[in-house]
Amino acid sequence: MTEAGSLIPLLVLVGPTASGKTKLAIDLAQNLNGEVISADSRILYQELQIGVAKPSLSELDTVPHHLISIATLDDPWSLGQYQQTARATILDVSQRKRLPILCGGTGQYVRALLQNWQVPALEEQPRLRTAIENWGEEVGYDQLWKALGIVDAKAAQAIDPRNKRRTVRAWEVILSTGKRFSSRRGIYSSPYNTLTLGLEWPREVLYKRIDQRIDDMFDQGLLEEVGGLIAAGYGKSLKRMGIIGYSELIAYLEGEYSLEEAVRLLKRNTRIYVRRQANWFKAKDPQIVWLKADDPALLENALDRVNSWLNLN
RNA sequence: GCCGAGUUAGCUCAGUUGGUAGAGCAUUCGACUGAAAAUUGAAGGGUCCACAGUUCAAGUCUGUGACUCGGCA
């Protein structure tokens, strides 16, 4: 156990998509001598720009940003890879006497860092994974899960039988490492002393912001971006990853439905995503200090909170 | 004005020979420690346009009225 005083201070900024995290993170970093570390599973990829609302080049110039555009779609990252890199980055920023600001909407990434999940970083094994998926399609994923129960009962117990992806991943890890999927599970204490700020909007207002932002994305050339990715051969893998904004437009460009339908689905899927995000960042979570995002004094409110937190340390 | 079709959940609509209602979408809530914008479970929500009639019983049959959409004048 580490003493509270020796924990690394980490400011965390969470909230649903389109809530204004990017801007607030930059403002906070400028005021607090900080650096922004992204916790977003898609901003990780260098090929994705408009559809994932990646910070602009000028925004990236104002303060140092980390874990943005560092992976490629040819070589998707696992949670373990993200976690390892993020840990090292937080440590590095902190050792340079600057404040690390973890900012992002991927709940799993944030929680894996804050709760210190033990996640070995086995990257995706494309050929093995495809073989397992074919196996699942053939005999049924429930059979895949049952078979998992024989090899690794603990893992099967921890995985919902309906969760195909996690079942496949479990087999992927077992077959490529020769170790049990469940062997590294456990809860460990956090190396960070955190303050978590959350950006809060009334649902209805947030939905309107999302619709507006999606319209803006088209103005910025989202269709061209997606067309370029298809031309570069990424259509299939993007569709497989199921990334909102890309899946829908790829389907449109491939003639599955109209552009109007694609836009409708994009907006709809983003709203559904917001609701799922709320499962990770809950309004009643005592660890999160929720700030009203439409308050003109948002930055001042946030700075007040952060400064009193820093003074305690 | 006449003829026809329609009015059922927030929206689009099903609803068998009469037995007080369903679906999809939307909305809301939940699970998730090795791909997570993924995967996945559940819930709330109806004076069935109104009034009258027939009937033990009407969303369903009959009449009248209101409104909507076509067509004809």
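A note on names: the letters A, B, ... follow the listed sequences, proteins ahead of strands, and every chain is numbered from 1.
The separation of B:rA66 from B:rG10, taken at their P atoms, amounts to 26 Å, rounded to a whole angstrom. One C1' atom belongs to B:rU7, the other to B:rC11, and the distance between them is 15 Å to the nearest Å. Taking the P atom of each, B:rU64 and B:rG4 are spaced 12 Å apart, rounded to whole Å. Comparing the P positions of B:rA14 and B:rC32 gives an interatomic distance of 41 Å, to the nearest angstrom. When the C1' atom is used for both B:rG1 and B:rG59, the distance is 31 Å, rounded to whole Å. Here the separation of B:rG30 from B:rU47, taken at their P atoms, is 28 Å to the nearest Å. Using atom C1' as the reference point in both B:rU16 and B:rC61, the two lie 16 Å apart (nearest Å). Look at the C1' atom in both B:rC29 and B:rU33: the space between them is 23 Å, to the nearest Å.
Using a 4.0 Å heavy-atom cutoff across all strands shown, A:Lys284 reaches sugar-phosphate atoms only and no base atom. Residue-level contact check: A:Tyr246 touches neither bases nor backbone, having no heavy atom under 4.0 Å from any strand. If you check every strand for non-hydrogen atoms under 4.0 Å, A:Arg129 touches a base. Backbone-only engagement by A:Tyr207 is indicated by non-hydrogen atom pairs under 4.0 Å involving sugar-phosphate atoms exclusively. Within 4.0 Å (heavy atoms only), A:Glu248 reaches no atom of the nucleic acid at all.
The side chain of A:Ser78 lies closest to B:rA35 when the candidates are B:rA35, B:rU39, B:rU33. The side chain of A:Asp160 sits closest to B:rU40 out of B:rU40, B:rA35, B:rU33.
Neither OP1 nor OP2 of B:rG41 sits under 4.0 Å from any side-chain N or O of A:Arg162. For the OP1/OP2 pair of B:rA26 and a distance below 4.0 Å, the side-chain nitrogens and oxygens of A:Arg268 include at least one atom meeting the criterion. Contact annotation: A:Lys282 side-chain N/O to B:rA31 OP1/OP2 distance is under 4.0 Å. OP1 or OP2 of B:rG30 sits under 4.0 Å from a side-chain N or O of A:Asn279. Between A:Arg264 and the phosphate of B:rU12, there is no side-chain N or O to OP1/OP2 separation shorter than 4.0 Å.
Checking A:Arg111 against A:Arg203, the closest nucleotide of RNA chain B that is more toward the 5' end is the one next to A:Arg203. Where A:Thr177 and A:Ile43 each meet RNA chain B at their nearest nucleotide, the meeting point lying more 5' is that of A:Thr177.
The nearest whole Å value for the distance from the CH2 atom in A:Trp117 to the P atom in B:rU33 is 5 Å. Atom-to-atom, CD of A:Gln83 to C1' of B:rA35 comes out at 15 Å; the value is rounded to the nearest Å. The distance from atom CZ of A:Arg271 to atom C1' of B:rA26 is 8 Å, rounded to the nearest whole Å. To the nearest angstrom, P of B:rU28 lies 11 Å from CD1 of A:Ile272. Computed from coordinates, the A:Asp211 CG to B:rA26 C1' distance equals 13 Å when rounded to whole Å. We find that CG of A:Asp40 is positioned 11 Å from C1' of B:rA36, with the value rounded to whole Å. Rounded to a whole Å, the CD atom of A:Glu133 is 12 Å from the P atom of B:rA35. Summarising the geometry, the separation between CH2 on A:Trp280 and P on B:rC29 is reported as 17 Å, rounded to the nearest angstrom.
For the atom pair CD of A:Glu35 and OG of A:Ser94, the computed distance is 10.5 Å after rounding to the nearest 0.5 Å. Once rounded to the nearest 0.5 Å, the distance linking CG of A:Leu197 with CZ of A:Arg305 reads 8.0 Å.
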If you apply the rule salt bridge (charged side-chain N to carboxylate O under 4.0 Å, His left out), what do you find for A:Asp215 with A:Lys267, and how did you get there? CA-CA 10 Å; A:Asp215 291 341; A:Lys267 290 179 177 176; 3.2 Å; yes
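Checked for salt-bridge contact, A:Arg96 and A:Asp92 meet the test: a charged N lies under 4.0 Å from a carboxylate O.
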Given Watson-Crick and G-U pairs under 3.5 Å, RNA chain B in dot-bracket ([ ] crossing, | other strand) is (((((((..((((.....[..)))).(((((.......))))).....(((((..]....)))))))))))).
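Residue A:His66 is tested with A:Ile37, A:Val36, A:Ile101 for a side chain to side chain contact (heavy atoms under 4.5 Å, CB included); the sole match is A:Ile37. The side chain to side chain contact (heavy atoms under 4.5 Å, CB included) test with A:Thr196 singles out one residue from A:Leu114, A:Asp285, A:Val289, and that residue is A:Leu114.
Annotation: side chain of A:Leu299 is in contact with side chain of A:Leu28 (closest heavy-atom distance under 4.5 Å).
Residue pairs meeting the ring pair (Phe, Tyr, Trp, His ring centres under 6.0 Å) criterion with at least one member in residues 130-160 of chain A, sequence neighbours excluded: A:Trp135-A:Trp171.
No path of Ile, Leu, Val, Met, Phe, Trp and Tyr side chains, each step under 4.5 Å between heavy atoms, connects A:Leu303 with A:Leu10, placing them in separate hydrophobic clusters.
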